[in-house]
K.L.:
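Starting off with a structure, shown below.
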Amino acid sequence: MEFVITSKRKDANKNAVKILEAAKIVFAQKGHETTIEEVAVEAKVGVGTIYRRFNNKHQLANAVAYEVIAEIYEEQVRILKSNLTTIEKVKHVFACYAKITIKYGEIHQMIVDLLVSEKGEEDLKESFLLGLKKLYAEVITNGQKENIFREGDPRLYEIILQNMINPQMVKQIAEIMPLEETPSFLADVALNGLLLKK
């Protein structure tokens, strides 16, 4: 996944990291309204330096979104490797999405918007969906082995779980309830459908 234009110069690559960190700060506050000039001020670099690393604001927004999603995915992988029960793992995996709002403010809405619009790079969308698929496949398999999730082809339940975090649906639900409460609500709905009725 290449959202940053790389350089052979070490100082230029350090600037890319500096720009991304500054962009996270500004996008967290202003979301899509962020300007390249504001990122440049926060990064203490010239506007031209940003354009040497990123073709435009959309490429920079996608790079920020990718970094935040990768960070959340790493946390979700740690959760799956933990000693929590499968039910708790599902709740914690979903809760990671609420942490985006807490830690990154407006970036959460920006990610949702990028995932449902043409402004979102295909690599970002594919990476997000592939990460979800891997996570959910493991959760469902474990839940079925523990006899707490319904029996059946795990791929069916993967599809259901993936669609529980479908950015279009999340966007619609966030119009009704706060975005940071959406993951908890979706985890409860998902578990209600997965749990074996006794």
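Just so you know, these numbers come straight off a predicted model, no measurement behind them.
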K.L.:
Near Glu33 CD, under 6.0 Å, is it more than 12 heavy atoms from other residues, nucleotides or ligands?
P.N.:
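Atom CD in Glu33 is not crowded, with 12 or fewer foreign heavy atoms closer than 6.0 Å.
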K.L.:
Could you tell me whether a side-chain N or O of Ser117 sits under 3.5 Å from a main-chain N or O of Asp113, the two making a donor and an acceptor?
P.N.:
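Side chain of Ser117 to backbone of Asp113, a donor-acceptor pair under 3.5 Å: yes, one is there.
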K.L.:
Does the Tyr73 side chain pair with the main chain of Val68, one donor and one acceptor, at a distance under 3.5 Å?
P.N.:
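Pair absent, no side-chain N/O of Tyr73 close to backbone of Val68.
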K.L.:
If we ignore hydrogens and angles and just use 3.5 Å, is the side chain of Asn163 paired with the main-chain N or O of Ile159 as donor and acceptor?
P.N.:
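Checking the backbone N and O of Ile159 against the side chain of Asn163, a donor-acceptor pair under 3.5 Å is found.
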K.L.:
Check the pair Ser127 / Tyr66 against side chain to side chain contact (heavy atoms under 4.5 Å, CB included), numbers first and verdict last.
P.N.:
CA-CA 8 Å; Ser127 164; Tyr66 179 78; 3.4 Å; yes
K.L.:
Would you say the side-chain atoms of Arg53 pair up with the backbone N or O of Ile19, donor to acceptor, closer than 3.5 Å?
P.N.:
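No; zero donor-acceptor contacts below 3.5 Å.
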K.L.:
Applying salt bridge (Lys or Arg N to Asp or Glu O under 4.0 Å), name anything that partners Glu67, two or more places apart in sequence or on another chain.
P.N.:
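Salt bridge (Lys or Arg N to Asp or Glu O under 4.0 Å) list for Glu67, sorted by chain: Lys24.
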K.L.:
I'd like to know if the side chain of Asn62 and the backbone of Glu121 have a donor-acceptor N/O pair within less than 3.5 Å.
P.N.:
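Judged by distance alone, yes, a pair lies under 3.5 Å.
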K.L.:
Measure from the side-chain N and O atoms of Lys57 to the backbone N and O of His32, and report whether any donor-acceptor pair falls under 3.5 Å.
P.N.:
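Judged by distance alone, yes, a pair lies under 3.5 Å.
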K.L.:
Between atom CG of Asp188 and atom CZ of Phe94, what is the distance when rounded to the nearest 0.5 Å?
P.N.:
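Going from CG on Asp188 over to CZ on Phe94, the span is 9.5 Å.
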K.L.:
Which atoms form the tightest heavy-atom contact between Leu60 and Ala23, and what is the distance?
P.N.:
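Of all heavy-atom pairs spanning Leu60 and Ala23, the closest is CD1-CB, 3.9 Å.
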K.L.:
Looking at Thr34 and Gly31, would you say the former's side chain and the latter's main chain have a donor-acceptor pair under 3.5 Å?
P.N.:
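Such a contact is found between Thr34 side chain and Gly31 backbone.
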K.L.:
Under a plain distance cut-off of 3.5 Å, with no hydrogens placed, do Gln144 and Thr141 share a side-chain donor-acceptor pair?
P.N.:
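Thr141 vs Gln144: no donor-acceptor pair found between side chains.
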K.L.:
Give every residue pair that meets the salt bridge (charged side-chain N to carboxylate O under 4.0 Å, His left out) criterion with at least one member in residues 80-103, sequence neighbours excluded.
P.N.:
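Sorted pair list: Glu71-Lys103, Glu75-Lys99.
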K.L.:
Are more than 12 heavy atoms from other residues, nucleotides or ligands located less than 6.0 Å from atom NZ of Lys134?
P.N.:
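Open: at most 12 neighbouring heavy atoms sit under 6.0 Å from NZ of Lys134.
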K.L.:
Between Gln29 and Glu106, is there a donor-acceptor pair closer than 3.5 Å when you use the side chain of the first and the backbone of the second?
P.N.:
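No, the answer is negative, given that no donor and acceptor are paired below the 3.5 Å cut-off.
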K.L.:
Please lay out, stage by stage, how Glu21 and Lys18 fare under the test salt bridge (charged side-chain N to carboxylate O under 4.0 Å, His left out).
P.N.:
CA-CA 5 Å; Glu21 290 307 311; Lys18 195 168 149 181; over 6 Å; no
K.L.:
If you group Ile, Leu, Val, Met, Phe, Trp and Tyr by side-chain heavy-atom gaps below 4.5 Å, do Leu179 and Met169 land in one group?
P.N.:
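Same cluster.
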K.L.:
Could you point out which residue of Ile107, Val64, Leu124 forms a side chain to side chain contact (heavy atoms under 4.5 Å, CB included) with Leu114?
P.N.:
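Exactly one candidate clears the test, Leu124.
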K.L.:
What residues, two or more places apart in sequence or in another chain, satisfy salt bridge (Lys or Arg N to Asp or Glu O under 4.0 Å) together with Arg78?
P.N.:
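Partners of Arg78 under the salt bridge (Lys or Arg N to Asp or Glu O under 4.0 Å) test: none.
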K.L.:
Say whether Gln76 and Tyr97, considering side chains only, have a donor N or O and an acceptor N or O under 3.5 Å apart.
P.N.:
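Note: Gln76 and Tyr97 side chains meet the donor-acceptor criterion.
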K.L.:
Donor-acceptor pair, Glu181 side chain versus Pro178 backbone, under 3.5 Å?
P.N.:
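The answer is no, because no donor-acceptor pair under 3.5 Å joins these two groups.
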K.L.:
Run the numbers on Leu115 and Ile111 for side chain to side chain contact (heavy atoms under 4.5 Å, CB included), then give the verdict.
P.N.:
CA-CA 6 Å; Leu115 290 171; Ile111 289 171; 3.8 Å; yes
K.L.:
Look up atom CG in Leu80 and atom OH in Tyr136, then write down how far apart they are to the nearest 0.5 Å.
P.N.:
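The CG atom of Leu80 sits 10.0 Å away from the OH atom of Tyr136.
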K.L.:
Between Asn56 and Ile36, which heavy-atom pair has the shortest distance, and what is it?
P.N.:
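What the structure gives for the nearest pair is C-CD1, 4.5 Å.
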